[in-house]
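Input: a single structure, listed below in structure tokens.
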Amino acid sequence: MQVARFALSLIIIAQFFCAPLVAASDEDGEPAPAVKFDFSMDMEAICKLPEYPAAAVRRGIEGDTKLKLHIDEHGKIAAFDLLQSAGWKILDMSIMNHLSGCQLLPPGDYAPQSKIFVLRWLYEQGYSSRAELDLASCKKSATLRIAENKDIANDIVVGVMVSSSGKVVDAIIQWGSGDEALDKESLRIARSCEFTPAEFRGKRVAKAESLRLIGLTN
């Protein structure tokens, strides 16, 4: 996949603030992440939001990382719950590593609290469409199914490389279940799926996508 430039949006959503996007460029003219908040706390300065990982840029990887932040009595981010993966461990770990131990609130004594935080990783410049899953093409399983948007469970996440013809040419576990048999089954299902290929500047291209799989009891 040949991509000269990339577009990056970091959109932060929580119960106590919102974050409109502001365009920015570095000295070489490449787009750079910049976030402006409409409240007094400068989240980017306080918690050092991550740059888009270079490996993710090369593959056109994107998605939404949804976290529950646990803020302790000192105003620091003490722990996380990964409520929903972006579909790629490299993106999820990037934001979690950057937020770990961040002094989110001014030093003081607070009642411990939790906040929902969503980081949206967008890689969109030049793409007229993403690769779209043909759900009916995926092989059936006695234990797992492809999760729908409404499904909250986050049992297994598989990253797939979709060719310009819509075939899955590679599949890698991003977040496993801890059960070797279930993880192996998730890869079997993912590799069987077909997609409508992504289009980049009017041409069908290979693109990375991800699938969430959950147990049939969910």
Side-chain angles (χ1 to χ4, degrees), residues 1-3 6 8-9 50 52-68 80-97 118-124 126-200 203-218:
M1 179 176 60
Q2 295 182 348
V3 181
F6 67 94
L8 170 64
S9 297
Y52 217 122
V57 170
R58 289 194 297 270
R59 294 168 176 81
I61 290 173
E62 57 188 4
D64 292 356
T65 300
K66 185 175 184 180
L67 302 171
K68 178 183 255 186
F80 311 93
D81 292 329
L82 179 60
L83 301 181
Q84 185 168 318
S85 170
W88 300 92
K89 196 168 186 177
I90 188 174
L91 298 181
D92 299 332
M93 292 304 300
S94 180
I95 185 59
M96 287 192 284
N97 287 337
V118 178
L119 183 63
R120 176 162 295 163
W121 307 86
L122 291 177
Y123 185 105
E124 57 187 4
Y127 284 99
S128 54
S129 66
R130 296 179 55 179
E132 294 293 336
L133 174 66
D134 176 4
L135 186 59
S137 70
C138 302
K139 289 184 178 178
K140 303 299 182 185
S141 170
T143 54
L144 295 171
R145 67 177 175 86
I146 304 291
E148 301 177 42
N149 290 336
K150 66 181 181 180
D151 293 314
I152 299 174
N154 205 34
D155 292 359
I156 303 173
V157 181
V158 179
V160 296
M161 178 56 71
V162 181
S163 73
S164 59
S165 64
K167 303 290 186 182
V168 172
V169 295
D170 196 12
I172 302 173
I173 296 286
Q174 299 299 306
W175 294 103
S177 64
D179 183 313
E180 185 177 353
L182 282 179
D183 290 351
K184 186 175 180 180
E185 176 69 353
S186 72
L187 290 173
R188 182 189 73 84
I189 297 168
R191 288 171 178 143
S192 74
C193 295
E194 296 183 8
F195 290 73
T196 299
E199 290 193 3
F200 181 79
K203 294 183 179 180
R204 290 187 168 189
V205 295
K207 191 176 187 303
E209 298 290 347
S210 63
L211 300 172
R212 290 191 302 129
L213 296 99
I214 61 176
L216 287 179
T217 55
N218 291 320

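Here, residue 1 is the first one in the sequence, and each next residue gets the next number.
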Completion exercise
Smallest heavy-atom separation, Trp88 atom then Gly159 atom, equals CH2-CA, 3.4 Å
Fill in the blank from the handout: Nearest heavy-atom contact between Leu133 and Cys138 is CD1-SG, 3.7 Å
Exercise for the section: Mind checking the NZ-CD1 spacing from Lys140 to Ile189? Nearest 0.5 Å is all I need. Expected result: 10.0 Å
Practice task
Would you confirm whether Arg188, through its side chain, and Lys184, through its main-chain N or O, come within 3.5 Å as a donor-acceptor pair?
Solution key: no
Fill in the blank from the handout: Asp183 and Gly178 have their tightest heavy-atom pair at OD2-N, 3.9 Å
Handout entry: Exam field: side chain Asp179 to backbone Ala181, donor-acceptor pair closer than 3.5 Å
Key = yes
Exercise for the section: Could you list the residues that satisfy side-chain hydrogen bond (donor to acceptor under 3.5 Å, both in side chains) with Thr143, not counting sequence neighbours? Expected result: Ser141
Problem - Distance-only polar pair, side chains of Thr65 and Asp92, donor-acceptor under 3.5 Å - result: yes
Practice task
Identify the heavy atoms of Ala147 and Ile214 that sit nearest to each other, and give their distance.
Solution key: CB-CG2, 4.0 Å
Problem - Side-chain donor/acceptor of Ser94 to backbone N/O of Leu91, under 3.5 Å - result: no
Exercise for the section: To the nearest 0.5 Å, tell me how far Leu122 CG sits from Tyr52 OH. Expected result: 6.5 Å
Problem - Separation between CD of Glu209 and CZ of Arg59, rounded to the nearest 0.5 Å - result: 14.0 Å
Handout entry: Backbone N/O of Ser177 and side chain of Asp155: donor-acceptor pair under 3.5 Å
Key = no
Problem - Check: Ser129 main-chain N/O paired with Glu199 side-chain donor or acceptor under 3.5 Å - result: no
Exercise for the section: State whether the side chain of Asp151 and the backbone N or O of Glu148 hold a donor-acceptor pair below 3.5 Å, judged by distance alone. Expected result: yes
Exercise for the section: Of all the heavy-atom pairs spanning Ile95 and Trp121, show the shortest one and how long it is. Expected result: CB-CZ2, 4.2 Å
Handout entry: Under 3.5 Å: donor-acceptor pair, side chain of Ser192, backbone of Lys139
Key = yes
Problem - Minimum heavy-atom distance Cys193-Val168, with the two atoms named - result: O-CG2, 3.3 Å
Exercise for the section: Write out all pairs satisfying salt bridge (Lys or Arg N to Asp or Glu O under 4.0 Å) with one or both partners inside residues 156-177, taking only residues at least two apart or from two chains. Expected result: Lys167-Glu194
Fill in the blank from the handout: Distance col, row Ile156:CD1 vs Leu144:CG, nearest 0.5 angstrom, shows 5.0 Å
Problem - Any donor-acceptor pair under 3.5 Å from Arg212 side chain to Gly87 backbone - result: no
Completion exercise
Between the CG atom in Leu67 and the CG atom in Leu82, the distance rounded to the nearest 0.5 Å is 6.0 Å
Handout entry: Note, Asp64 side chain near Gln84 side chain (heavy atom, < 4.5 Å)
Key = no
Problem - Pairwise distance OG(Ser163) to NZ(Lys207) - rounded to 0.5 angstrom - result: 14.0 Å
